[in-house]
2 protein chains.
Amino acid sequence: MVTIAQPGLAERLRAGQRQDERGNLFDADCPTRLILDRIGDKWTVLLVILLSEGPMRFTELRTHLGRVAPKVLTQSLRRMERDGLVTREVFAEVPPRVEYELTELGRDLLAPIDAVRLWAEEHAARIVANRERHDSGPA
Amino acid sequence: MVTIAQPGLAERLRAGQRQDERGNLFDADCPTRLILDRIGDKWTVLLVILLSEGPMRFTELRTHLGRVAPKVLTQSLRRMERDGLVTREVFAEVPPRVEYELTELGRDLLAPIDAVRLWAEEHAARIVANRERHDSGPA
DNA sequence: CGGCATCCGTTTTGATACTG
DNA sequence: CAGTATCAAAACGGATGCCG
């Protein structure tokens, strides 16, 4: 019942020895958790998907995302830049132009993100149905 | 440069016609976003991974997760139950025992989650390095 | 155009104490 | 044991206005 890429989780859990070379995912300080936190960010995932089409300007991103305060969008982009997921290029023009582009690392991230997105699109209807049944069920 | 399963995003973006049968991911009300939100939850992903090993009791989950207030853990589990990701079985014993178990839908979710986790484990070090370089770089 | 600064409301998470 | 109730903090997201 264990799926892919989970060698010995059960053993490590049972032994209380949940530590391995990659660190312990269940430790708040585990580096892997950093990425999970980033995925949890409201806009990052959407930004990666958008930028997978190619470089995009600030306002362009904003338009596609809908209701995002510029401050928030900047924060997300800056974090992604810090992590090395995107590059930020400023063009010395008037009016100014700033383009964001995925790095190779960022493009790499698209694969797992797409996996999640595909799953979500595939099962969204069922989950919505589950919710409705649950909410009206136990009267 | 477009990766898997993204047929015509570019076209849809350009046309401003970002709507298709599955709804528009960039619309806040898109069902797919519901799942993304759930993934963004601080504990849900970890819970799915833990429960992939088999049924587990409330306290058992709590122990593995570290610092979780019982209230918060309950909230996460209840949401997952509502979505049909886990089942909650109460045993009429003293002391009481409650076991949580992944549904088939929940086990299904493990695949995309593992994809993300694998990616994260693989690239965490690099991202941490990027951050450090970035933080000390622009002096 | 692409932000930054400021203020503020909501949501999320947590610590703690108590109960069936 | 498995929660619930309460209180408090904080992280997050958003609105707005100004500026290079």
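Note that the structure is predicted; figures quoted are calculated from it, not measured. Below, chains carry the letters A, B, ... as their sequence lines are ordered, and counting in each starts from 1. Side chains are part of it too, since the values below use all heavy atoms of this structure and drop only hydrogens, waters and symmetry mates.
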S.K.: Go through the structure and list residues passing side-chain hydrogen bond (donor to acceptor under 3.5 Å, both in side chains) with A:Arg82, not counting sequence neighbours.
M.R.: B:Asp135
S.K.: Could you encode protein contacts along nucleotides 4-20 of chain D as a string, one character per nucleotide from 5' to 3', using B for base contact, S for sugar-phosphate-only contact and - for no contact, with a heavy-atom cut-off of under 4.0 Å?
M.R.: B-BB-----BBB----B
S.K.: Categorize B:Phe91 for me: base, sugar-phosphate, or nothing, with a 4.0 angstrom heavy-atom threshold over every strand shown.
M.R.: nothing
S.K.: Distance under 4.0 Å to a non-hydrogen atom of chain A counts as contact; along DNA chain C, which nucleotides mark the start and end?
M.R.: C:dC1 to C:dC7
S.K.: If the condition is salt bridge (charged side-chain N to carboxylate O under 4.0 Å, His left out), which residues does A:Arg38 pass it with, not counting sequence neighbours?
M.R.: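 For A:Arg38, the residues satisfying salt bridge (charged side-chain N to carboxylate O under 4.0 Å, His left out) (neighbours in sequence not counted) are A:Asp83.
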S.K.: Name all residues meeting the ring pair (Phe, Tyr, Trp, His ring centres under 6.0 Å) criterion together with A:Trp119; count only those two or more places apart in sequence or in a different chain, and write none if there are none.
M.R.: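 So A:Trp119 forms a ring pair (Phe, Tyr, Trp, His ring centres under 6.0 Å) with A:His123.
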S.K.: Note down the inter-axis angle between the two ends of the helix from C:dC1-D:dG20 to C:dG20-D:dC1, five pairs each, to the nearest 10°.
M.R.: 50°
S.K.: Give a yes or no on whether the backbone of A:Thr44 and the side-chain of A:Ser76 come within a donor-acceptor separation of less than 3.5 Å.
M.R.: no
S.K.: Partners of B:Arg79 by side-chain hydrogen bond (donor to acceptor under 3.5 Å, both in side chains), sequence neighbours excluded?
M.R.: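 side-chain hydrogen bond (donor to acceptor under 3.5 Å, both in side chains) check on B:Arg79 returns B:Asp41.
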S.K.: Suppose we screen for side-chain hydrogen bond (donor to acceptor under 3.5 Å, both in side chains). Which residues come up paired with B:Arg57, at least two apart in sequence or across chains?
M.R.: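 Per chain and number, B:Arg57 pairs via side-chain hydrogen bond (donor to acceptor under 3.5 Å, both in side chains) with no residue.
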S.K.: Show which side-chain atoms of residues 85-95 of chain A pair as donor or acceptor with protein atoms under 3.5 Å away, not counting sequence neighbours.
M.R.:
residue	atom	partner	partner atom	Å
A:Thr87	OG1	A:Glu101	O	3.4
A:Arg88	NE	A:Tyr100	OH	3.2
A:Glu93	OE1	A:Arg97	NE	3.3
A:Glu93	OE2	A:Arg97	NH2	2.9

S.K.: Under the side-chain hydrogen bond (donor to acceptor under 3.5 Å, both in side chains) test, which residues partner A:Arg62, sequence neighbours left out?
M.R.: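 Once residues adjacent in sequence are excluded, A:Arg62 has no partner under the side-chain hydrogen bond (donor to acceptor under 3.5 Å, both in side chains) criterion.
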S.K.: With sequence neighbours excluded, what pairs up with A:Thr74 under the side chain to side chain contact (heavy atoms under 4.5 Å, CB included) test?
M.R.: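 Side chain to side chain contact (heavy atoms under 4.5 Å, CB included) check on A:Thr74 returns A:Phe58, A:Arg78.
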